[in-house]
Amino acid sequence: MKSTRMRLARAAVPAAALGALMASNAGTASAATTWWYSGGPHGSGAAATFREQGDRLEVCDINRDGYRTLVDVQTAASAHVYRITDSYNDRRCTVVSAADGRHNLAENRSYKLRVCVIRTGQRPSYCKTTATFHNDH
């Protein structure tokens, strides 16, 4: 049986990685930001942030562990808008925005993010859905 100290140390890794991601991506006060995190097996995890200014979605893998991050953007009524899978498995992030012409969200509408971990060839797992947020920029 693993000691409590070992379990606490493992649990701290994803939280510390998420904190580093959040600190490195501090935005301006004028652009509302929604962060979300989903934990997975063996300390894996997925993080996403949506910044209304420019409809910027950042999808980040937390650990180098064979799992990646998958995010579904949905309307407030859970209708599918688009899906992004992080291209990396090494704590880097995949970023999309309205500037690319494919990821523009309608203004003055409500959305939510479904954040999951995924292993190649498997279905998304450990999914969490954010609270609804309003896109008004």
Side-chain angles (χ1 to χ4, degrees):
M1 180 174 221
K2 294 184 181 176
S3 71
T4 301
R5 183 178 297 166
M6 178 65 88
R7 284 191 302 263
L8 290 174
R10 277 191 153 176
V13 171
L18 179 61
L21 285 171
M22 290 175 69
S24 69
N25 293 303
T28 62
S30 65
T33 301
T34 299
W35 275 97
W36 200 252
Y37 171 78
S38 177
H42 313 294
S44 65
T49 181
F50 178 78
R51 185 167 295 138
E52 290 179 44
Q53 197 69 38
D55 295 346
R56 185 179 190 275
L57 176 64
E58 188 170 355
V59 178
C60 306
D61 178 59
I62 299 299
N63 288 321
R64 188 177 299 193
D65 58 4
Y67 288 87
R68 296 185 303 156
T69 300
L70 176 140
V71 175
D72 286 318
V73 178
Q74 303 172 330
T75 65
S78 299
H80 178 78
V81 178
Y82 65 83
R83 172 178 278 184
I84 298 297
T85 302
D86 184 25
S87 302
Y88 308 104
N89 173 33
D90 59 2
R91 299 184 194 144
R92 290 189 290 169
C93 302
T94 297
V95 178
V96 298
S97 70
D100 67 18
R102 295 175 297 165
H103 300 97
N104 187 31
L105 296 179
E107 307 306 319
N108 295 312
R109 300 249 173 102
S110 295
Y111 297 92
K112 55 189 174 181
L113 306 177
R114 179 177 167 254
V115 182
C116 307
V117 295
I118 188 168
R119 182 162 253 175
T120 302
Q122 295 182 1
R123 297 171 69 125
S125 58
Y126 302 96
C127 298
K128 303 259 173 97
T129 302
T130 66
T132 302
F133 61 93
H134 193 72
N135 184 35
D136 61 359
H137 283 90

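This one's a predicted model, so the numbers in the text were calculated from it and none came from an experiment.
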Single-linkage hydrophobic cluster, 4.5 Å side-chain cutoff, V95 and I84 together: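 Each belongs to a different hydrophobic cluster.
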Establish whether I118 and Y126 are linked, either directly or via other cluster members, by ILVMFWY side-chain heavy-atom contacts under 4.5 Å.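 No, it is not one cluster - the side chains of I118 and Y126 are not joined through contacts under 4.5 Å.
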Minimal non-hydrogen separation, [X] against [Y], with atom names:
| X | Y | result |
| --- | --- | --- |
| S97 | G54 | CB-O, 3.5 Å |
| K128 | S38 | CG-OG, 3.5 Å |
| A46 | C116 | CB-O, 3.4 Å |
| V115 | A48 | CG2-CB, 3.9 Å |

Judged by atom type as modelled, is there a donor-acceptor pair below 3.5 Å linking the side chain of [X] to the main-chain atoms of [Y]?
| X | Y | value |
| --- | --- | --- |
| E52 | D136 | yes |
| T69 | V59 | no |
| Y111 | A106 | yes |

Run the numbers on I62 and Y37 for side-chain contact (heavy atoms from CB on, under 4.5 Å), then give the verdict. CA-CA 9 Å; I62 299 299; Y37 171 78; 3.7 Å; yes
Side chains of [X] and [Y], heavy atoms from C-beta outward: is any pair under 4.5 Å?
| X | Y | answer |
| --- | --- | --- |
| H103 | V73 | no |
| R109 | N135 | no |
| V71 | F50 | no |
| Y88 | T94 | yes |
| R102 | V96 | no |

For a side-chain contact (heavy atoms from CB on, under 4.5 Å) check, start with the C-alpha distance between E107 and N104, then their side-chain angles and the critical distance, and finish with the verdict. CA-CA 9 Å; E107 307 306 319; N104 187 31; 4.2 Å; yes
S110: which residues meet the side chain to side chain contact (heavy atoms under 4.5 Å, CB included) condition with it, sequence neighbours left out?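 Result, side chain to side chain contact (heavy atoms under 4.5 Å, CB included) vs S110: A76, T132, H134.
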Rounded at 0.5 Å granularity, tell me how far [atom1] in [X] sits from [atom2] in [Y].
| X | Y | atom1 | atom2 | value |
| --- | --- | --- | --- | --- |
| D61 | T85 | CG | OG1 | 11.5 Å |
| E58 | R92 | CD | CZ | 13.0 Å |
| K112 | S78 | NZ | OG | 3.0 Å |
| D86 | L70 | CG | CG | 10.0 Å |

Tell me, which pairs form a salt bridge (Lys or Arg N to Asp or Glu O under 4.0 Å) where one or both residues lie in residues 72-81, sequence neighbours left out?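 Of all non-adjacent pairs touching residues 72-81, those that pass salt bridge (Lys or Arg N to Asp or Glu O under 4.0 Å) are D72-R83, D72-R114.
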